Amino acid sequence: MLDPKLYRDHPEKVREGLRRRGASFDLDGLLRLDQEKRALGTELDGLKAERNAASESIAQLKRAGKDASEAIEKTRTTGDRIKDLQIRFDVIEERARDLALLCPNLPHASVPDGKSSADNKVAATWGEDLRARAEARVVPDHIEIGMKLKLFDFERGAKISGSGFPIFTGAGARLERALINFFLDTHVKAGFTEVSPPYLVNRASMVGTGQLPKFEEDMYRSDGENRDRDLFLVPTAEVPVTNMHADEILDGASLPVSYCAFTACFRREAGSWGADTRGFLRLHQFDKVEMVRFSAPENSYEQLESLRAQAEKLLQLLELPYRVLELCAGDMGFGAAKCYDLEVWAPAEKKWLEVSSVSNFEDFQARRANIRAKSGGQTRFLHTLNGSGLATPRVLVSFLETHYTERGTVRIPEALRPWMGGLEEIAAA
RNA sequence: GGAAGGGUGGCCGAGUGGUUUAAGGCAUCAGUCUCGAAAACUGAAGUACGGGCAACUGUACCGUGAGUUCAAAUCUCACCUCUUCCGCCA
């Protein structure tokens, strides 16, 4: 949610930000509703002040032992007017809030212009040589490798759940688990606090991080006895972990606060049928370790760089070539003010795969979830950031294709071996 | 699932429908004292929204939502949630 003062006092700035994003949002409608809400509010407050004064004089009459029935009778009509006006005010206020929740965040000044993923800027690359080496020979793709080594089973996953729900088997399941533990342990060592949150969250939490109200069709929902009791399968650990501190005031001196969490992630991927449906590239359920950071507003962009470095470190340790994209204004997610994507190279797919998205939301989520920090006697919305660290299925694709050996085995990079019981390579059983 | 008891500011914790402008304490900030600090003492201090150039001022907020009333932290109803006990259970 944007700061109301921003669109009230500087609507042209908001308009410019929306234009850069290529977002269609009814800013004029929001400004009209906001104006109407304030006019009604002023009138309503005046009536309430009138009633409070009348009640006070009634109290004085009664205390003095005098008859107050005439004053009570007169105040009754004020009460009726308040009731009417209150209903009108509530309707307008709700409409204003509903609309404000649909407005995306504005891009930070450093975010490059652009309309789509084609306009993203390559900010860094790592492992060029490895990539060239991997490309120099013909490599079977991850599905073929996985079938040969019996690492997963798409058909049986589809039988029990549907497409997009693979089963990991044997060394594949082991590798998946090893990656997760390797990620978590690396983060904990770097000072992150590990949390294991619920996989089902309420509607308020989904609104807090910005998945709702706009993207409900992409979420798995379990209906409650009413709307407020609906539960949603988490699309990312960002949702439960960020909302852990909803409606709280954190001690400013404790910032930044950093968490890491493993969860399965659930996405309907509505509307993307046919795109990347083969293999692991687009799933309805996948595993991911997420980093979430609560930062003071002053240095959230330093924190963004440090989160990005933390995610990069994992890929370096896994010896997977990657590049870092600085997303353009038109390609960023709904709530992000600035965002980097980490993409690994998949030699057989011959394409880059997004395995991490690292974003600074500034106070966009903090406003929605009401997360503040107090320092120096001042209470302000803090800044929230998060980054994948990392999403396993796509890492696995690159991992299998990159570390596939001429002997038909998959080499385990040294950094991961402690989590694989010292195993040096995965071979056919 | 059943029974009982709770939910009040950053935290703990009082609170008879109308001096509640929410007692008191802790923590915080400022001052006095001190070479400096601690302690002690004195004082300040909730959050959000609106109006005003400003000093200031209005409204709302005691788990959430309805209701009763001229007036609700206080009374009524529903719900959420926590604690304890019982039952069931991985």
Side-chain angles (χ1 to χ4, degrees), chain A residues 1-9 30-101 196-208 222-232 240 243-255 257 294 296 363 366-382:
Chain A
M1 211 153 47
L2 301 183
D3 183 352
K5 288 194 182 75
L6 183 64
Y7 52 75
R8 251 173 233 160
D9 301 341
L30 181 59
L31 289 170
R32 269 198 306 276
L33 283 170
D34 183 61
Q35 176 62 38
E36 191 178 351
K37 184 186 90 175
R38 280 190 293 163
L40 285 172
T42 302
E43 193 182 346
L44 189 58
D45 281 0
L47 278 177
K48 284 180 177 173
E50 205 176 290
R51 182 184 65 184
N52 288 347
S55 282
E56 181 52 34
S57 57
I58 288 166
Q60 278 174 21
L61 284 174
K62 289 214 165 188
R63 248 179 269 126
K66 293 179 186 162
D67 175 45
S69 53
E70 191 186 333
I72 289 174
E73 199 50 46
K74 256 167 72 181
T75 311
R76 211 188 297 271
T77 57
T78 309
D80 292 341
R81 287 169 63 202
I82 289 173
K83 209 168 273 182
D84 283 354
L85 202 56
Q86 184 74 56
I87 289 166
R88 283 171 58 200
F89 177 83
D90 289 346
V91 168
I92 297 299
E93 188 185 39
E94 193 185 345
R95 277 167 59 188
R97 179 174 167 81
D98 286 350
L99 187 53
L101 285 173
S196 179
Y199 285 19
L200 285 163
V201 297
N202 58 28
R203 191 171 278 277
S205 297
M206 294 288 275
V207 171
S222 162
D223 290 337
E225 51 269 36
N226 63 57
R227 255 174 80 82
D228 289 339
R229 304 291 299 159
D230 288 346
L231 290 173
F232 295 82
N243 282 286
M244 279 192 345
H245 290 304
D247 296 315
E248 289 184 20
I249 299 174
L250 307 187
D251 176 8
S254 69
L255 301 177
V257 172
F294 299 84
D363 64 7
R367 278 179 193 284
R368 292 172 161 247
N370 190 28
I371 309 171
R372 293 169 294 171
K374 186 171 187 173
S375 53
Q378 203 189 4
T379 305
R380 290 177 304 167
F381 290 112
L382 47 69

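Source: prediction; values computed, not measured.
Side-chain atoms of Asn52(A) and Ser55(A) form no donor-acceptor pair, as typed in the model, at a separation below 3.5 Å. Side-chain contact check for Asp90(A) and Gln86(A): at least one donor-acceptor pair (N or O, by modelled atom type) lies under 3.5 Å.
Of the residues in residues 69-78 of chain A, those lying under 4.0 Å from RNA chain B by heavy-atom distance are Ile72(A), Thr75(A), Arg76(A). Contacts between residues 30-46 of chain A and RNA chain B, defined by a heavy-atom separation under 4.0 Å, are made by Arg38(A), Thr42(A), Asp45(A).
Each of Lys83(A) and Asn226(A) has a nearest nucleotide on RNA chain B; the 5'-most of these lies closest to Lys83(A). Nucleotides of RNA chain B nearest to Gly79(A) and Glu50(A) differ in position, and the one nearer the 5' end is that of Glu50(A).
Salt bridge status for Asp9(A) with Lys5(A): absent, with no side-chain N to carboxylate O gap under 4.0 Å.
Counting non-hydrogen atoms under 4.0 angstrom, Ala49(A) reaches the backbone sugars and phosphates but no base. Residue Asp228(A) is out of contact with every strand shown, counting any heavy-atom pair closer than 4.0 Å. Base engagement by Lys62(A) is indicated by at least one non-hydrogen atom pair under 4.0 Å involving a base atom.
Partners of Glu73(A) according to the side-chain hydrogen bond (donor to acceptor under 3.5 Å, both in side chains) rule, which considers only residues two or more places apart in sequence or in another chain, are Arg76(A). Considering only residues two or more places apart in sequence or on other chains, Arg51(A) meets the side-chain hydrogen bond (donor to acceptor under 3.5 Å, both in side chains) condition with none of them.
Summarising the base pairing, rG31(B) is matched to rC41(B) through a Watson-Crick or G-U wobble pair whose two defining distances lie under 3.5 Å. Judged by Watson-Crick or G-U wobble contacts below 3.5 Å, the nucleotide rA48(B) has rU59(B) as its partner. With a cut-off of 3.5 Å on both Watson-Crick or G-U wobble distances, the partner of rC85(B) is given as rG2(B).
Put simply, Arg8(A) has no side-chain N or O that comes within less than 4.0 Å of OP1 or OP2 on rC49(B). The phosphate of rU59(B) (OP1 or OP2) has a side-chain N or O of Asn52(A) nearer than 4.0 angstrom.
Judged as a salt bridge (Lys or Arg N to Asp or Glu O under 4.0 Å), the pairs with a partner in residues 196-205 of chain A (not counting sequence neighbours) are, in order, Arg203(A)-Glu216(A), Arg203(A)-Asp230(A). Among pairs with a residue in residues 40-49 of chain A, none fulfils salt bridge (Lys or Arg N to Asp or Glu O under 4.0 Å), at least two apart in sequence or across chains.
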